[in-house]
Number of protein chains: 2
Amino acid sequence: MSEQRLNRQFDFLNEADRLKSVLRATTLNDGARRENSAEHSWHIALYALAMAEHATRPVNTDRVIRMLLIHDLVEIDAGDAPIHGDHDPKEQAAREQAAADRLFGLLPPDQGGPLRALWEEFEAAQSDDAIFAKSIDRVQPVMSNLCSGGRSWIDYDVTAAQIETRVGAKVSRGAPAVWAHLKDRIAAWFATDAGRDPGA
Amino acid sequence: MSEQRLNRQFDFLNEADRLKSVLRATTLNDGARRENSAEHSWHIALYALAMAEHATRPVNTDRVIRMLLIHDLVEIDAGDAPIHGDHDPKEQAAREQAAADRLFGLLPPDQGGPLRALWEEFEAAQSDDAIFAKSIDRVQPVMSNLCSGGRSWIDYDVTAAQIETRVGAKVSRGAPAVWAHLKDRIAAWFATDAGRDPGA
């Protein structure tokens with residue numbers, strides 16, 4: 001019994017290893033290379049640990065951390081869909097549902113079921129925990145851009161207005177003080193030469 | 001007030017980003033490249049989530065996850081000390097204490113203090129949570145070796161007896177069923193041509 005469970009748990013953990021090879025649009029803060037989704041997931045779990053006090057409504061930090069640890073696993077099959085990229089949201093959602101079936105299905109059902117439900121809760125972005133988790137997921141790439149000289153903003157030819165719509169709306173919903181802190185720094189970058197014409 | 005706290009929290013999170021550039025002895029499961037300590041920390045947090053039922057004594061899984069998320073941060077200043085490598089444990093411990101002073105000291109004291117204490121608890125390996133966390137930290141590199149054809153065992157010319165002493169003792173202390181599961185697979189690898197003479 002324990003052997004069977006261990007085999008399934010290791011199958012899941014070995015599949016999870018592949019998230020280390022899924023590259024995101026954003027770079028490390030020093031711009032040296034693109035970040036992968038596994039190290040990103042670690043980083044935002046740490047963000048949640050450090051910044052939970054700024055959530056709009058009180059959150060269960062440990063639930064948020066669990067949510068963030070698993071939030072990108074579906075990318076192993078479905079790939080990363082950069083927020084400033086060009087993809088069909090319906091097709092991407094279908095790919096992610098199939099990925100969730102397969103990946104959480106590797107675990108014993110009493111474990112895979114609750115993790116799948118936690119991922120669905122994150123995706124739905126309705127609970128206080130999920131709203132905060134989603135906001136944190138958007139903050140870290142902003143900070144990466146502020147530190148790296150706007151690397152992915154330049155690559156994707158992003159405008160200040162797009163940041164406001166795609167990032168600001170979500171971050172201010174879940175962590176308003178964090179957005180208030182960031183928006184002046186973002187505006188300052190978009191007022192630089194690189195920021196005035198990011199696609200140049 | 002909130003601004004000051006946010007500045008300190010971002011300072012900490014931006015320093016933490018550097019853990020993505022600390023390379024470990026072990027590779028990804030597919031052997032494509034060496035793993036870094038940030039993605040390793042993510043992976044073992046997921047290990048804790050999937051394998052807490054195998055702990056010797058009941059653990060608080062969420063505390064274990066927090067512990068594992070921060071357990072390697074000191075490597076940003078002190079570097080990784082591979083378990084099969086050649087380093088002076090006293091010098092390494094002194095470097096890690098200085099690193100902990102600096103890194104946890106970036107956060108507001110009401111946050112940095114408890115995280116520092118959690119890291120000390122991990123290092124001391126006396127509490128049930130820390131004993132389990134330490135065992136999990138040893139399991140993941142074993143699995144990486146089993147999947148990658150013994151990559152870091154070959155690089156470090158490791159023997160089956162050294163695995164028993166350096167890994168088996170710790171894993172069987174914190175997660176005996178996991179060690180019982182792994183030891184046959186490890187013995188099988190060391191019975192292959194590569195395993196009989198890993199330094200060849």
Side-chain angles (χ1 to χ4, degrees), chain A residues 2-3 5-10 12-21 28-30 32-33 35-51 53-54 60-63 65-66 68-70 73 107-108 110-112 115 139-140 143-144 146-147 177-178 180-182 185, chain B residues 2-3 5-10 12-21 28-30 32-33 35-51 53-54 60-63 65-66 68-70 73 107-108 110-112 115 139-140 143-144 146-147 177-178 180-182 185:
Chain A
S2 177
E3 272 304 289
R5 288 182 68 83
L6 271 165
N7 277 325
R8 296 189 71 158
Q9 289 158 349
F10 274 125
F12 170 77
L13 293 166
N14 283 334
E15 273 304 291
D17 195 74
R18 295 172 56 205
L19 196 62
K20 299 169 189 171
S21 301
L28 303 194
N29 283 6
D30 65 8
R33 62 168 172 82
E35 168 175 73
N36 69 61
S37 291
E39 61 199 0
H40 158 74
S41 298
W42 166 76
H43 205 182
I44 60 175
L46 213 58
Y47 263 74
L49 198 52
M51 296 204 157
E53 71 194 57
H54 306 295
N60 179 332
T61 308
D62 290 310
R63 277 193 91 238
I65 289 172
R66 288 179 181 225
L68 292 172
L69 288 174
I70 61 153
L73 280 176
L107 282 167
D110 64 296
Q111 294 185 292
L115 286 186
V139 169
Q140 184 257 349
M143 186 49 70
S144 157
L146 290 173
C147 292
V178 178
H181 175 93
L182 286 175
R185 296 176 66 174
Chain B
S2 177
E3 271 305 289
R5 288 183 67 85
L6 271 166
N7 277 325
R8 295 189 72 157
Q9 289 158 351
F10 274 125
F12 169 77
L13 293 166
N14 284 334
E15 273 304 290
D17 194 74
R18 295 171 56 206
L19 196 62
K20 299 169 189 170
S21 301
L28 303 194
N29 283 7
D30 66 7
R33 62 168 171 83
E35 167 175 73
N36 70 61
S37 292
E39 61 199 0
H40 158 74
S41 298
W42 166 77
H43 205 182
I44 59 175
L46 213 59
Y47 263 74
L49 198 52
M51 296 206 156
E53 71 194 56
H54 306 295
N60 179 333
T61 307
D62 289 311
R63 280 192 90 237
I65 289 172
R66 288 180 181 226
L68 292 172
L69 289 174
I70 61 153
L73 280 176
L107 282 167
D110 64 295
Q111 294 186 291
L115 286 186
V139 169
Q140 184 257 349
M143 187 48 71
S144 157
L146 290 173
C147 292
V178 178
H181 175 92
L182 286 175
R185 296 176 66 175

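Order of the sequence lines fixes the chain letters, A, B, ..., with proteins taken first and strands second; residue numbering starts at 1 for each chain.
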Exercise. Rounded to the nearest 0.5 Å, how far does CG of Leu49(A) lie from CG of Leu107(B)?
Worked result: 8.5 Å

Seminar exercise, completed: Interatomic distance, CD@Gln140(B) vs CG@Asp17(A), rounded to 0.5 Å, equals 7.0 Å

Exercise. When rounded to the nearest 0.5 angstrom, what distance separates CZ in Arg5(A) from CD in Glu53(B)?
Worked result: 4.0 Å

Problem set entry | Expected output: side-chain Gln9(A) to main-chain Ala50(B) donor-acceptor under 3.5 Å | yes

Problem set entry | Which portion of Leu69(B) sits near chain A, non-hydrogen atoms under 4.5 angstrom | both

For this session: Please state whether the side chain, the backbone, both or neither of Phe12(B) comes within less than 4.5 Å of a heavy atom of chain A.
Result: side chain

Problem set entry | Contact origin within Ile44(B) toward chain A - heavy atom pairs under 4.5 Å | neither

Exercise. What residue in Met51(B), His40(B), Arg63(B) has the most heavy-atom pairs under 4.5 Å with chain A?
Worked result: Met51(B)

For this session: Under 4.5 Å heavy-atom distance to chain B, tell me which part of Leu46(A) shows up: side chain, backbone, both or neither.
Result: both

Problem set entry | Plane angle bin for His181(A) and Phe10(B) - parallel if under 30°, tilted between 30 and 60°, otherwise perpendicular | parallel

Problem set entry | Minimal non-hydrogen separation, Leu6(A) against Ala177(B), with atom names | CD1-O, 3.6 Å

Seminar exercise, completed: On a heavy-atom basis, the closest approach of His43(B) and Leu13(A) is NE2-O, 2.8 Å

For this session: Decide salt bridge (Lys or Arg N to Asp or Glu O under 4.0 Å) for Arg66(A) and Asp62(B); before the verdict, give the C-alpha distance in whole Å, the side-chain angles of both, and the deciding distance to 0.1 Å.
Result: CA-CA 8 Å; Arg66(A) 288 179 181 225; Asp62(B) 289 311; 2.8 Å; yes

Seminar exercise, completed: Counting heavy-atom pairs under 4.5 angstrom with chain A, the leader among Asn7(B), Val139(B), Leu115(B) is Asn7(B)

Seminar exercise, completed: Residue set satisfying salt bridge (Lys or Arg N to Asp or Glu O under 4.0 Å) with Arg33(A), at least two apart, ordered chain then number -> Glu39(A)

Seminar exercise, completed: If one checks every heavy atom of Val178(A) against chain B at 4.5 Å, the contacting part turns out to be both

Exercise. Where does Leu146(A) contact chain B at under 4.5 Å (heavy atoms): side chain, backbone, both or neither?
Worked result: neither

For this session: Sequence neighbours left out, what passes salt bridge (Lys or Arg N to Asp or Glu O under 4.0 Å) with Arg18(B)? Give chain and number order.
Result: Glu15(B)

Problem set entry | Trp42(A) to Ala16(B) - nearest heavy-atom pair and separation | CH2-O, 3.4 Å

